[in-house]
Every structure is written in C-alpha cells, then in structure tokens.
Amino acid sequence: MRPKPFIPQAIDEKAAFFRDATSGLSWHRCELRTLYADTDRSQVVYHANYLRYFEFGRASLMREAAYPYREIEESGFTYPIIATGLDYFRPLYYDDAMYIFTRPGERQRVKLQFDYVITHAESGELVCTGFTRHCAVNAAGIPVGIDEKTVRLWEIFPA
C-alpha cells in the first residue's frame, strides 16, 4: 500500500519544527547520516537500525525541549520501550543523509508514544514511518504516572 505523501514545511526560524502539509501535524526534525556499520550484506541499512534512528530523533526532540533523557533518569523515571512498529518504503544506503521527524503521539496515564517519519534528505522520498511506545517506571521498575516535565512536552508541542 502506498503511503500518503509527507510534505514537511518549516514553521520556525531554526528549521527544527515542521508541519506536514498533508496531515497538518507538526514534527521536530533532526539530521543524521548512515554509517558503513549500519549496512548489511546487501549494502542497505539493516532494518533494526531504524530503531536506533528513532532513538536519535527522540533524544534530539527531548534535548531541544530542554529536557534531555539524562534528566528524566536523574529525576527517578525511566521509559522502557514496550512496543514498536515500522513500515518501510525505500532503503537507505551507506552515507545517505536522512531527516528524522519525531513527534509526541498518544499519551495515557503510564504510557506514551512517539511517532516517526524518516525521509531521504536529498530526494525527500519517504523511507519509513513508525512508532515507539513506552511505559513510565520508577527506579524499582514499577509502572507509575508519567512525570510532570514529560507531560509538559506533550502539552507545549506545536499542534
């Protein structure tokens, strides 16, 4: 099935936030280049590496929001991944530049989700879409409500 077009348009001066002209959703954008170590024997990026790219996008978004993941852990919370999903549309190869678009997705009392879109930086082609779902846990590993600063990110993220 062919995905809907993803047409990001800058919505701030720093070009960190974009709005998709198709869906109207806002996204945070960061850039990354594939490493040779990311590729497999067929010379394309190994499928599991896209989860690493999602992590890079998530960490960049949190850092840009002035709440790096290190601070979350220092405040006694962790957010292990409890579910992932990926749909692939075209491969990336060694040294390809990509844009990783990330946005806060669904949020519940103890669970939250980040949504992702990766595009080829030069062609703009859609590479993949996906999500990671996380559960808030305390230092003892017990599920707890999402911390206030993380809730705030969901509240202030551009619509």
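Here, residue 1 is the first one in the sequence, and each next residue gets the next number.
The backbone N or O of Asp38 lies less than 3.5 Å from a partner atom in the side chain of Asn49, making a donor-acceptor pair.
A 6.0 Å sphere centred on CD of Glu64 holds more than 12 heavy atoms belonging to other residues, nucleotides or ligands. Summarising the local packing, CD of Glu148 is surrounded by 12 or fewer heavy atoms from other residues, nucleotides or ligands at distances under 6.0 Å.
With ring centers used as reference points, Tyr88 lies under 6.0 Å from Tyr50. For an aromatic pair to be called close, the ring centres must be under 6.0 Å apart, and Phe157 with His28 fails this. Between Trp27 and Phe6, the ring center distance clears the sub-6.0 Å criterion.
Residues Leu61 and Leu32 share a hydrophobic cluster, clusters being chains of Ile/Leu/Val/Met/Phe/Trp/Tyr side chains in contact below 4.5 Å. Under the 4.5 Å side-chain heavy-atom criterion for grouping Ile, Leu, Val, Met, Phe, Trp and Tyr, Phe114 is not connected to Ile82 through any hydrophobic cluster. The hydrophobic cluster containing Phe101 does not contain Met62, counting ILVMFWY residues as joined when their side-chain heavy atoms lie under 4.5 angstrom apart, directly or transitively. Cluster membership check: Leu126 does not share its hydrophobic cluster with Ile7, using side-chain heavy-atom separations under 4.5 Å among Ile, Leu, Val, Met, Phe, Trp and Tyr. There is no path of hydrophobic side-chain contacts, each under 4.5 Å, that joins Leu25 to Phe17.
Scanning both residues, Ile146 and Lys111, for their nearest heavy atoms gives CD1-O, 3.4 Å. In this structure, Gly105 and Trp154 approach most closely via the heavy-atom pair O-NE1, 2.7 Å. Scanning all heavy atoms of the two residues, the minimum distance from Pro158 to Arg103 falls at O-NH1, 4.3 Å. Between Phe18 and Ala10, the shortest heavy-atom contact is CD2-N, 3.3 Å. A pairwise comparison of heavy atoms in Pro91 and Val44 identifies CB-CG1, 3.9 Å as the closest pair. Scanning both residues, Ile72 and Thr150, for their nearest heavy atoms gives CD1-OG1, 3.9 Å.
Glu71 has a carboxylate O that lies under 4.0 Å from a charged side-chain N of Lys149, or vice versa, which qualifies the two as a salt bridge. Using a cutoff of 4.0 Å between basic side-chain nitrogens and carboxylate oxygens, Arg33 and Asp95 are scored as salt-bridged.
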With side chain to side chain contact (heavy atoms under 4.5 Å, CB included) as the test, would you mind laying out the steps for Val45 and Tyr94 before giving the verdict?
-> CA-CA 7 Å; Val45 169; Tyr94 167 64; over 6 Å; no

Going through the checks in order, is the side chain to side chain contact (heavy atoms under 4.5 Å, CB included) test met by Tyr99 and His120?
-> CA-CA 6 Å; Tyr99 291 131; His120 189 273; over 6 Å; no

Run the side-chain hydrogen bond (donor to acceptor under 3.5 Å, both in side chains) check on Tyr69 and Thr78 step by step: do they pass?
-> CA-CA 9 Å; Tyr69 194 70; Thr78 59; 5.1 Å; no

Step by step, would you call Lys4 with Asp20 a salt bridge (charged side-chain N to carboxylate O under 4.0 Å, His left out)?
-> CA-CA 11 Å; Lys4 290 181 182 177; Asp20 174 27; over 6 Å; no

Full working for side chain to side chain contact (heavy atoms under 4.5 Å, CB included) between Leu112 and Arg133 | CA-CA 6 Å; Leu112 53 82; Arg133 195 167 301 128; over 6 Å; no

So Tyr79 and Asp147, side-chain hydrogen bond (donor to acceptor under 3.5 Å, both in side chains) or not? Walk me through it.
-> CA-CA 10 Å; Tyr79 287 86; Asp147 69 282; 2.4 Å; yes

May I have the step-by-step check of side chain to side chain contact (heavy atoms under 4.5 Å, CB included) for Val127 and Asp96, ending in yes or no?
-> CA-CA 11 Å; Val127 173; Asp96 277 351; over 6 Å; no

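Between Leu86 and Thr129 the shortest side-chain heavy-atom distance does not fall below 4.5 Å. Considering only heavy atoms from C-beta on, Phe77 comes within 4.5 Å of Val144 through its side chain. Considering only heavy atoms from C-beta on, Thr84 comes within 4.5 Å of Leu51 through its side chain. Side-chain contact between Ser60 and Ile100: absent, with no pair of heavy atoms (C-beta onward) separated by less than 4.5 Å.
Atom CZ of Phe131 is separated from atom CD1 of Ile81 by 10.5 Å, given to the nearest 0.5 angstrom. If you take CZ on Arg107 and CG on Leu153, they are separated by 9.5 Å, rounding to the nearest 0.5 Å. Atom OG1 of Thr119 sits about 9.0 Å away from atom CG of Leu92, to the nearest 0.5 Å. Taking OH from Tyr46 and CZ from Arg41, the interatomic distance works out to 14.5 Å, rounded to the nearest 0.5 Å. Put simply, CD on Glu106 and CD on Gln113 are 6.0 Å apart, with the number rounded to the nearest 0.5 Å. Note: His47 NE2 to Cys128 SG = 12.0 Å, rounded to the nearest 0.5 Å.
A donor-acceptor pair shorter than 3.5 Å can be found between the side chains of Arg19 and Ser26. Inspection of the Tyr53 and Thr34 side chains reveals no N or O donor paired with an N or O acceptor under 3.5 Å.
Scanning for side-chain hydrogen bond (donor to acceptor under 3.5 Å, both in side chains) contacts around Glu73 gives an empty result, with sequence neighbours left out.
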